[in-house]
**Q** 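The structure that follows is given in the form of structure tokens.
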Amino acid sequence: DYTEREGDLRRGLDGMKMSLYKLDIIREVTEADERQSALSYVFPLMRYHERWKEIDLAGGSGEDREKDGGENSAKNDGAVEAEAVCAITDFGLRLLQLGMEEAAASASGKEAFQPESARDESLSDGNVLLSPLSVLQALTMTAGGARGETLRQMEEAFGISVPELSSYLADYQRALPAGDEYKLSMANGIWFTADESFTVETDFLERSGEMFDCTVYRADFDDSTRQEINAWVKDNTDGMIEEILDEIPEDAVMYLVNALAFDARWQERYREDQVREREFTMADGTAQKVQMMYSEESLYLEDEHAQGLMKYYADGKYAFAALLPEEGMTLAEYAATLTGARLLEILWNPVSVQVSAAIPRFRSEYGADIRDMLREMGMADAFDMARADFSGIGSSSEGNLYISRVLHKTYMAVDENGTRAGAATAVEMRAEGAMEDVKVVHLDRPFLYMIIDCRERLPIFMGTVEAVTAP
């Protein structure tokens with residue numbers, strides 16, 4: 001048990017890293033015990049996240065810690081891991097909320113965040129699907145070359161320092177598990193122009209390659225390079241994202257790209273008799289016929305305004321999580337009540353109870369230039385051709401480096417066998433002058449869903465379903 005006393009909190013956080021990896025030991029018990037233990041053993045620490053911000057957990061500067069002979073290293077590693085998960089979740093939720101606003105504006109004919117050239121037909125159904133992991137991976141690579149106020153704003157938007165986030169993402173990518181019936185893969189690439197007007201900092205490329213296992217390409221920025229980048233994205237998303245770039249502008253000098261692919265079978269697949277036609281009621285009251293998948297689950301999620309469920313994929317490494325707002329509350333209204341900390345508290349505290357579940361078969365595709373969303377989150381200077389400071393990336397005789405677009409595309413298909421999902425993010429840089437009872441959770445109206453890494457409790461994908469598109 002943890003108390004409010006700082007000393008006890010410090011000691012608890014000292015052992016957090018060991019506690020996280022203690023999940024490996026927990027897996028030696030029975031399968032039934034394993035899943036519930038893995039869900040509940042470590043994660044009550046989340047409630048102390050706000051306290052971490054108030055207490056000087058580092059115990060002094062980096063110089064002081066070196067003098068201490070690394071005494072606090074285990075604590076710092078564990079605290080940074082937890083802080084990174086919280087930051088990624090909060091970043092993803094804020095991005096999702098802005099994406100929902102944009103989709104609603106697009107549906108009503110109002111001006112949306114993204115320019116017409118980047119809009120995707122997927123917005124017509126009101127559904128949003130994002131991968132905060134993919135977006136932050138591409139932006140963190142970019143932030144490695146940011147300096148001054150530009151870097152400060154990016155870190156404020158991320159909710160964590162760039163060195164800490166970089167370290168977490170690099171470790172996460174290196175430790176990705178894979179099995180016969182599940183996989184999550186990530187790839188990073190940097191393309192920079194061969195034009196002599198652009199000079200790249202070799203230190204930046206070396207750090208990116210070493211930390212993010214990033215492949216670097218120097219190329220003429222013509223249509224063949226556009227096709228090459230698109231082919232790389234298609235290959236590293238297992239064909240789910242066929243194109244990320246529609247053009248390479250004349251003044252583009254660099255692309256920093258992340259591609260992510262998820263493919264997993266359900267731990268318990270649906271039988272044919274468990275899939276039946278049912279109505280899904282959209283926010284406007286319109287009913288549509290969908291194929292609904294019925295099952296009995298054992299992990300129930302709830303908060304004051306929603307109920308939900310978690311359903312495991314093979315081996316319990318990943319899970320599908322969904323939250324259904326209470327009757328009379330729209331999905332947008334419910335999402336507005338959430339913070340990253342609150343969402344993680346819900347995910348980290350499931351109730352073990354019988355759940356009568358119904359999940360629609362659905363497919364979602366989303367594409368957006370998310371630069372204006374990122375501006376809303378505080379990253380203004382990075383997109384300003386006069387104020388941006390990316391001197392750590394390189395320089396151009398044509399003008400200052402700045403981010404011109406952040407292109408994000410996602411795909412997901414959920415059916416009776418499992419889930420396939422892909423995401424790609426491209427940061428374009430230019431140089432230019434200036435069990436008590438049975439709980440019933442039937443997802444038959446708009447809902448919020450996530451694909452969760454069960455070990456880290458990290459949302460890999462976050463999305464909304466306002467209308468159902470069959471896979």
Side-chain angles (χ1 to χ4, degrees), residues 134-158 161-163 165-167 169-170 187-230 232-233 244-245 247-259 369-371 374-375 379-408 424-434:
S134 177
V135 172
L136 277 174
Q137 181 72 80
L139 286 175
T140 302
M141 287 194 297
T142 309
R147 300 291 183 266
E149 180 65 9
T150 300
L151 175 60
R152 190 199 67 77
Q153 289 180 6
M154 294 182 81
E155 289 184 325
E156 185 174 336
F158 299 165
S161 75
V162 167
L165 183 56
S166 298
S167 177
L169 291 173
N188 300 303
I190 294 177
W191 283 259
F192 68 95
T193 180
D195 192 297
E196 293 182 357
S197 65
F198 178 66
T199 302
V200 68
E201 291 289 340
T202 56
D203 285 350
F204 171 78
L205 298 179
E206 288 172 1
R207 284 197 309 272
S208 299
E210 181 179 346
M211 177 157 280
F212 299 114
D213 192 22
C214 184
T215 307
V216 178
Y217 305 87
R218 183 175 184 269
D220 293 323
F221 269 20
D222 52 23
D223 196 60
S224 64
T225 298
R226 181 189 69 85
Q227 293 178 35
E228 177 186 321
I229 294 173
N230 286 335
W232 182 91
V233 165
I244 189 69
L245 295 181
E247 63 171 347
I248 294 183
E250 189 175 327
D251 51 1
V253 296
M254 180 176 283
Y255 287 96
L256 302 98
V257 188
N258 169 266
D369 177 352
I370 61 174
R371 58 182 161 176
L374 295 169
R375 281 195 188 103
M379 276 179 54
D381 283 10
F383 300 96
D384 189 294
M385 66 179 69
R387 295 200 301 265
D389 184 353
F390 289 102
S391 53
I393 290 179
S395 60
S396 172
S397 60
E398 299 298 317
N400 192 37
L401 297 185
Y402 71 101
I403 299 175
S404 55
R405 295 190 293 175
V406 180
L407 305 172
H408 186 55
T425 306
V427 177
E428 177 183 274
M429 305 204 71
R430 295 192 195 182
E432 193 169 313

**Q** Could you tell me if the side chain of Asp251 sits less than 4.5 Å from the side chain of Glu398, heavy atoms only?
**A** no
**Q** Roughly how far, to the nearest 0.5 Å, is CE of Met154 from CG of Leu151?
**A** 8.0 Å
**Q** Counting distance only, does the side-chain N/O of Thr150 pair as donor-acceptor with the main-chain N or O of Asp381 below 3.5 Å?
**A** no
**Q** Looking just at side-chain N and O atoms, do Asn258 and Ser134 make a donor-acceptor pair shorter than 3.5 Å?
**A** yes
**Q** With the side chain counted from C-beta on, respond yes when Ile229 and Tyr217 share a heavy-atom pair under 4.5 Å apart, and no when they do not.
**A** no
**Q** Indicate yes or no: at least one non-hydrogen side-chain atom of Asn230 is less than 4.5 angstrom from one of Ile244.
**A** yes
**Q** In the structure I gave you, are the side-chain heavy atoms of Tyr255 and Thr225 within less than 4.5 Å of one another anywhere?
**A** no
**Q** With a 4.5 Å limit on heavy-atom distance, are the side chains of Met254 and Val200 in contact?
**A** yes
**Q** What is the distance from atom CG of Leu256 to atom CZ of Phe192, rounded to the nearest 0.5 Å?
**A** 11.5 Å
**Q** Closer than 3.5 angstrom, by distance alone: can the side chain of Asp389 be matched with the main-chain N or O of Ala146 as a donor-acceptor pair?
**A** no
**Q** Trp191 vs Trp232 aromatic rings, parallel, tilted or perpendicular, using cut-offs 30° and 60°?
**A** perpendicular
**Q** In Å and rounded to the nearest 0.5 Å, what is the CE to OG distance from Met141 to Ser166?
**A** 10.0 Å
**Q** Would you name the heavy atoms of Met429 and Ile393 that are closest together and state the gap between them?
**A** SD-CD1, 3.5 Å
**Q** Could you tell me whether the side chain of Arg218 and the main chain of Ala194 form a donor-acceptor pair under 3.5 Å?
**A** yes
**Q** With rounding to the nearest 0.5 angstrom, report the OG to CZ distance, Ser395 to Phe198.
**A** 7.5 Å
**Q** For the pair Ser208 (side chain) and Phe204 (backbone), establish whether a donor and an acceptor sit closer than 3.5 Å, ignoring hydrogens and angles.
**A** yes
**Q** Check whether more than 12 heavy atoms from other residues, nucleotides or ligands sit under 6.0 Å from atom CD of Glu156, and answer yes or no.
**A** no
**Q** Could you walk me through whether Met379 and Phe158 satisfy the side-chain contact (heavy atoms from CB on, under 4.5 Å) test, starting with their C-alpha distance in whole Å, then the side-chain angles of each, then the deciding distance to 0.1 Å, before giving a yes or no?
**A** CA-CA 9 Å; Met379 276 179 54; Phe158 299 165; 4.1 Å; yes
**Q** Would the distance check show the side chain of Asn188 and the main-chain N or O of Gln137 forming a donor-acceptor pair, the cut-off being under 3.5 Å?
**A** no
**Q** Can you find a pair of side-chain heavy atoms, one from Leu139 and one from Leu374, that are under 4.5 Å apart?
**A** yes
**Q** Carefully, step by step, assess Glu155 and Arg152 under the rule salt bridge (charged side-chain N to carboxylate O under 4.0 Å, His left out).
**A** CA-CA 5 Å; Glu155 289 184 325; Arg152 190 199 67 77; over 6 Å; no
